[in-house]
Each structure stands twice: as structure tokens, then as C-alpha cells.
2 protein chains.
Amino acid sequence: LIRVERLCKIYSLESGVNGTVNSQVLYDVSLSINRGEFVAIMGHSGSGKSTLMNLLGCLDTPTSGHYWLAGRDVASLSEKELASVRNHNLGFVFQGFNLLKRMTALDNVATPLLYAGVSRAESRQRAQELLQQTGLGKFSEYQPNQLSGGQQQRVAISRALVNNPQLILADEPTGNLDTQTSGEIMGVFKRLNREKGITIVLVTHEDDIAAYASRLVRLKDGRVIHDSKVDS
Amino acid sequence: LIRVERLCKIYSLESGVNGTVNSQVLYDVSLSINRGEFVAIMGHSGSGKSTLMNLLGCLDTPTSGHYWLAGRDVASLSEKELASVRNHNLGFVFQGFNLLKRMTALDNVATPLLYAGVSRAESRQRAQELLQQTGLGKFSEYQPNQLSGGQQQRVAISRALVNNPQLILADEPTGNLDTQTSGEIMGVFKRLNREKGITIVLVTHEDDIAAYASRLVRLKDGRVIHDSKVDS
Ligand SMILES: Nc1ncnc2c1ncn2[C@@H]1O[C@H](COP(=O)(O)OP(=O)(O)OP(=O)(O)O)[C@@H](O)[C@H]1O
Ligand SMILES: Nc1ncnc2c1ncn2[C@@H]1O[C@H](COP(=O)(O)OP(=O)(O)OP(=O)(O)O)[C@@H](O)[C@H]1O
Ligand SMILES: [Mg+2]
Ligand SMILES: [Mg+2]
């Protein structure tokens with residue numbers, strides 16, 4: 001489903017009065033992920049995990065290297081095709097949630113369905129089901145600033161799942177959740193992976209959370225230093 | 001240092017066309033925290049931890065109940081006095097970081113010192129030291145959107161420590177940090193507590209992090225259900 005080859009990402013930063021400095025953040029990252037896999041990505045703060053996830057989620061382009069998603073070279077897709085992939089096939093849980101502040105939780109979760117052309121009534125019903133699944137059934141009319149950190153995180157998770165994506169990219173989805181709530185969320189991911197064959201790539205800092213996956217990839221200073229299957 | 005008695009917090013939410021609904025989020029929270037203590041607060045997502053922290057940090061007012069900080073009744077302080085307390089005596093690490101997006105990391109960290117009347121040169125020097133302590137010495141000129149989640153979190157931590165506060169309120173300061181970086185940050189907190197007697201109240205979801213504290217308070221549905229000292 002996912003094949004990346006020698007992905008590199010370099011940022012240019014303004015430095016001082018005249019210069020720019022280049023900061024390389026990913027070095028020759030190569031990976032293949034098959035449909036139905038459940039992969040955990042770990043690594044130190046700043047090691048490049050979110051940068052890699054943004055590339056996998058077609059939210060950013062690499063400085064060099066190739067990325068084939070479902071057999072298609074992502075670099076060759078038009079902006080319109082990319083938007084369609086992101087909307088129909090991908091669910092992305094952002095490390096910083098990225099909720100729309102002026103909408104309720106329900107409308108935040110319904111948004112991807114509306115973009116996909118689903119009716120308003122059906123979008124809101126499906127969004128309510130997803131909020132129920134993440135324990136937020138009673139909070140659908142709350143706005144993000146009325147929700148706790150972990151509740152906002154769960155709205156972001158519900159939104160990523162609402163259009164039944166084939167691929168879920170979750171960037172530290174349990175960072176703001178207590179152990180019990182984390183277990184419930186990981187149960188949802190595990191069920192989607194086992195029962196529906198949905199492919200999951202999940203960044204986490206916690207070994208307990210990584211243990212739900214069947215494969216572990218470790219990044220260090222922008223390079224893959226470990227990539228192997230684990231018994232689960 | 002901190003004494004709260006029967007703190008309650010009720011939010012009013014607009015519900016439907018005409019009504020408002022009241023949602024009680026803290027029920028009769030009573031606690032005393034002495035100078036030099038290191039207290040961990042745990043509880044499920046939505047149990048009221050951040051709400052309590054905002055009350056302790058003088059960022060919000062309770063619906064009922066009393067709060068004495070260093071012997072002074074917080075409800076009787078003027079806005080000016082509250083601002084002075086927050087600036088000189090308190091360091092707050094927000095769950096959502098709350099960094100200023102258009103400033104560099106260095107200027108974000110220096111801001112509390114500038115407000116306290118410290119010279120620009122000295123503020124920036126002190127800010128640089130704090131960034132060094134949280135492993136961000138090379139990132140002082142980066143803006144928040146150029147930093148990883150865990151790097152932003154550490155800028156927020158540095159900012160909370162920069163004016164040598166007597167009381168640090170840290171709301172899930174390691175949620176976005178890997179185990180090694182978390183250990184470094186907790187080492188900084190432990191040192192401040194042991195060597196300088198700084199009082200620390202820290203919200204966390206992780207038992208390993210709570211283990212650094214000498215006392216554990218547990219919230220459930222807005223009530224204190226556990227409050228006891230632990231060996232550390
Ligand atoms: N402005 C508000 N209006 C209405 N309800 C609110 C508001 N702010 C917070 N709440 C509610 O108060 C409850 C407690 O929120 P709080 O942020 O204190 O939880 P928390 O324990 O910090 O959770 P987490 O671990 O997820 O960060 C939540 O159920 C939340 O929905
Ligand atoms: N726009 C940018 N310009 C310059 N550098 C950037 C930019 N975005 C990210 N970086 C740098 O890229 C590096 C990797 O960032 P990334 O967000 O991928 O880390 P991460 O592994 O997700 O870390 P964390 O666990 O803290 O979330 C960091 O050192 C960061 O400072
Ligand atoms: Mg990240
Ligand atoms: Mg909170």
C-alpha cells in the first residue's frame with residue numbers, strides 16, 4: 001500500500017541577516033507497508049516522525065526520493081487528485097489536533113463526509129456514532145475550547161475515522177489520554193485493523209501503545225535505525 | 001503555600017434554542033500543599049485536572065469555594081495583583097503549550113522576564129540558558145511552526161521556569177516527549193524541587209512520571225478520590 005524509497009526532507013531556515021541554513025530532517029527513509037499492517041513508529045522528540053507522517057499523508061512533499069501510494073507515484077498526482085486521496089482514502093490524526101475552533105465537535109467530525117459529498121443529515125449521524133465510539137457521545141455540541149485536551153484529541157481521532165479510510169495515520173493519538181481511555185482508543189484501532197483490514201501507521205512515545213502494533217519502526221536523527229515485525 | 005477549600009466550578013452551556021445547561025466540573029475540591037512539595041495529579045480525561053490547574057494558576061475563578069495562595073485570598077486580589085502573582089511567583093506549563101506563533105522560541109521564553117522588568121539583553125541570555133536545559137540550545141531562533149510537538153512543549157516548559165517561580169504548575173508536560181527526553185525534563189523539575197525548594201504541581205497520565213512526586217492526588221468526575229504521600 002505504501003512504498004517509500006530514499007525519502008529526504010530538508011528545510012531552509014533564515015539565519016542571521018543574509019544567510020539561509022539548511023537543516024536536513026529525513027535521510028534516505030525507505031519502507032514498504034502492506035495492506036492490513038499495523039505499524040508503530042517511535043523515536044526521540046525531533047527525530048522526524050511527524051515530518052514522515054506528513055509526507056505519507058500527502059500533506060507535504062519530500063525534497064528527494066519517491067512515494068508510491070496504492071501503486072501511484074504521489075509526486076505525479078495533481079492537487080485535485082491529492083485532495084481526493086486525502087479525503088477518501090486517508091484518515092489523519094494530527095499531533096496538534098487541528099480542530100476547527102468555531103465548529104462544534106459534531107461538525108468537526110462531520111466535515112470530511114460533507115467534503116466527500118455525503119448529505120448533511122447522514123454526515124451528522126455518522127459523526128455522532130464516531131463520537132460515541134470515542135466516549136464523547138454527550139459532548140457533540142461542545143466547541144473545542146470547551147473540551148479537555150484528551151477530549152479534543154478524541155474528536156480529532158473520530159474525525160480521522162469518519163469516512164472509513166483504508167489507511168489511518170495517527171500521530172501520537174494517546175498523548176493526552178489516561179491509561180483507561182488510551183486502552184479504549186487502541187481497542188477501536190485494533191478492531192478496525194483486525195475486522196476491516198484497515199492499515200494503521202501510528203506514532204507513539206509509549207511502549208504499551210506500540211505493543212498493539214505488529215511491526216515497529218524506529219527513527220533516530222531522521223534515519224530509520226530499526227524496522228522489524230513483532231509478535232502481537 | 002496553596003490552600004483550597006470546597007472549590008466548585010460550574011460551566012453554563014447553551015443548549016438548543018432557548019436553554020442553558022449547567023455542567024459541574026469540580027465538586028468541593030479541598031487540598032493543602034506546603035512549600036517544597038512535589039505533587040502529582042492524575043485522573044481520567046475530562047475529570048477536571050486542567051480546570052483545577054487553571055484555578056490554582058489564577059487564570060480562572062471558581063464558582064464557589066476559597067483559594068488562599070501564600071496566605072492571601074485570591075478572590076480578594078485586584079486584576080493587577082493577580083497579574084503580578086502570575087508573572088513573578090508562578091510558572092505555568094499549559095497542556096496546549098500556548099506559545100506565541102510569531103515569536104522565536106527565544107523570545108517566547110524571554111517574554112515573562114521582559115514583563116517583570118528585566119532588561120532585554122539579560123532576558124534573552126537567561127532564556128537561552130533555559131532552552132539549553134531542555135535540550136533546545138540550537139533551536140532558539142526557530143518559530144513554533146518550525147518545531148516538533150515535543151520541542152514546542154519544551155519551549156513552554158522553559159518559559160515557565162525562566163523567572164525562577166516559587167510554584168510551578170505543569171499540565172501534562174511530557175505528553176509529547178519520548179522516554180529519554182521525559183527523563184531529562186523530570187530531572188530538571190526534580191532538581192528545582194530538591195535544590196531550590198520550588199513547589200511543583202504536575203498533571204500527568206503516566207505512572208512513571210507521577211513516580212517523581214512525593215504525593216499523589218487523584219481526581220474522578222471532578223472530585224478528589226485519593227490524596228496521599230508516597231515514598232520517593
Ligand atoms: N469552557 C467550558 N465550558 C463547558 N465545559 C467545559 C469548559 N471547559 C472545560 N469543560 C469541561 O470540563 C471537564 C473537565 O475538563 P478538564 O480540561 O479540566 O479535564 P482534564 O482532566 O484536564 O482532561 P484531560 O486529561 O483530557 O486533559 C470536561 O468534561 C470539559 O468538557
Ligand atoms: N518548517 C520547518 N522548518 C525547519 N525545521 C523544521 C520545520 N518543521 C520541522 N522542523 C524540524 O524537523 C525536526 C523533526 O521534526 P518532527 O516534527 O518530524 O519531529 P518528531 O519526531 O515528530 O518530534 P516529536 O516527538 O517532538 O513530535 C525537528 O528538529 C524540527 O525542528
Ligand atoms: Mg511529532
Ligand atoms: Mg487537561
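Scope of the values below: all heavy atoms of this structure, side chains included, with no hydrogens, waters or symmetry mates.
- Here Asp178(B) is the residue among Val25(B), Asp178(B), Leu177(B) with the most heavy-atom pairs under 4.5 Å with chain A.
- Nearest heavy-atom pair across Ser45(A) and Arg154(B) is OG-NH2, 2.8 Å.
- Each of Ser47(B), Ser148(B), Gly43(B) has some count of heavy-atom pairs under 4.5 Å with chain A, and the biggest count is that of Ser148(B).
- Of the atoms belonging to Glu206(B), it is side-chain heavy atoms, and not backbone ones, that fall under 4.5 Å from chain A.
- We find the OG1-NE2 distance between Thr179(B) and His44(A) to be 8.0 Å, quoted to the nearest 0.5 Å.
- Within 6.0 Å of atom CD in Gln125(B), 12 or fewer heavy atoms from other residues, nucleotides or ligands are found, so the atom counts as exposed in its surroundings.
- Interface remark: Ser23(B) contributes side-chain atoms only to the contact with chain A (heavy atom separation under 4.5 Å).
- The number of heavy-atom neighbours closer than 6.0 Å to CD of Glu122(A), taken from other residues, nucleotides and ligands shown, is 12 or below.
- Interface remark: Gln151(A) contributes backbone and side-chain atoms alike to the contact with chain B (heavy atom separation under 4.5 Å).
- Residues from residues 92-109 of chain A that place a non-hydrogen atom less than 4.5 Å from a non-hydrogen atom of chain B comprise Gln95(A), given in numerical order.
- Proximity to chain B is limited to the side chain of Gln146(A), based on heavy atoms less than 4.5 angstrom apart.
- Neither the backbone nor the side chain of Ser50(B) comes within contact range of chain A; no heavy atom of the residue lies under 4.5 Å from a heavy atom of that chain.
- Of the two parts of Leu13(B), only the side chain, counted from C-beta on, holds a non-hydrogen atom closer than 4.5 Å to a non-hydrogen atom of chain A.
- Side chain of His205(A) to backbone of Asn176(B): a donor-acceptor contact under 3.5 angstrom is found.
- The contact between Gln180(B) and chain A is made entirely by side chain atoms (from C-beta outward), counting heavy-atom distances below 4.5 Å.
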